[in-house]
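See structure below.
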Amino acid sequence: MPIAVDIDVMLAKRKMSVGELAERVGITPANLAVLKNGRAKAVRFSTLAALCEVLECQPGDLLRWETDGAADPTLS
């Protein structure tokens, strides 16, 4: 998937556990794990905003776009 999720990076920077983040954001640890591991199909803006508020960061600190070199023949 071309969207990479860097929640684990921010958790490490903030020295916070997945369980603590999930509790403070108001989602289950299982749903946070799905998002953190890049398996989510979507994320609500309200959830993204809550993550940013708790982690004191911007959305771009949590999500980034990666090119898929295999899909673009000009990159080979």
Side-chain angles (χ1 to χ4, degrees):
M1 175 179 253
I3 301 296
V5 181
D6 291 329
I7 291 175
D8 53 347
V9 173
M10 291 306 297
L11 283 170
K13 286 182 179 180
R14 302 296 187 252
K15 296 179 175 42
M16 188 180 298
S17 70
V18 171
E20 180 183 352
L21 179 61
E23 183 178 324
R24 290 178 63 185
V25 169
I27 60 175
T28 66
N31 283 342
L32 181 57
V34 168
L35 179 58
K36 184 175 85 70
N37 295 324
R39 295 189 315 262
K41 300 283 186 203
V43 60
R44 292 179 187 267
F45 281 171
S46 59
T47 301
L48 184 58
L51 287 166
C52 290
E53 182 177 350
V54 170
L55 293 170
E56 299 178 348
C57 65
Q58 295 294 313
D61 296 325
L62 301 177
L63 304 172
R64 65 186 155 80
W65 180 76
E66 293 182 333
T67 59
D68 184 8
D72 186 354
T74 62
L75 295 177
S76 8

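Basis for what follows: all heavy atoms, side chains included, without hydrogens, waters or symmetry-related copies. This structure is a prediction, so every number in the text was calculated from the model and none was measured.
Looking at every heavy atom in both residues, D8 comes nearest to K36 through N-CG, 4.2 Å.
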Per-pair distances, 0.1 Å, donor-acceptor, side chain in residues 25-32, under 3.5 Å, sequence neighbours excluded:
{"residue": "T28", "atom": "OG1", "partner": "N31", "partner atom": "N", "Å": "3.0"}
{"residue": "T28", "atom": "OG1", "partner": "N31", "partner atom": "ND2", "Å": "3.3"}

Under 3.5 Å, which donor-acceptor pairs link side chains of residues 50-59 to any protein atom two or more places apart or in another chain?
none

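Screening residues 11-20 for salt bridge (Lys or Arg N to Asp or Glu O under 4.0 Å), with sequence neighbours left out, gives E20-R24.
Heavy-atom neighbours of R39 CZ from other residues, nucleotides or ligands within 6.0 Å: above the threshold of 12.
V43 and L21 fall within a single hydrophobic cluster, where Ile, Leu, Val, Met, Phe, Trp and Tyr are joined by side-chain heavy atoms under 4.5 Å apart, directly or via other members. Neither V34 nor L48 shares a network with the other; the hydrophobic side chains, linked directly or stepwise wherever heavy atoms of I, L, V, M, F, W or Y lie under 4.5 Å apart, form separate groups for each. Tracing side-chain contacts under 4.5 Å through hydrophobic residues (I, L, V, M, F, W, Y), one never reaches I3 starting from V9; they form parts of separate clusters.
Within the 4.5 Å cutoff, no side-chain heavy atoms of D6 are placed close to those of L63.
Distance CG/L35 to OG1/T47: 8.0 Å, rounded to 0.5 Å.
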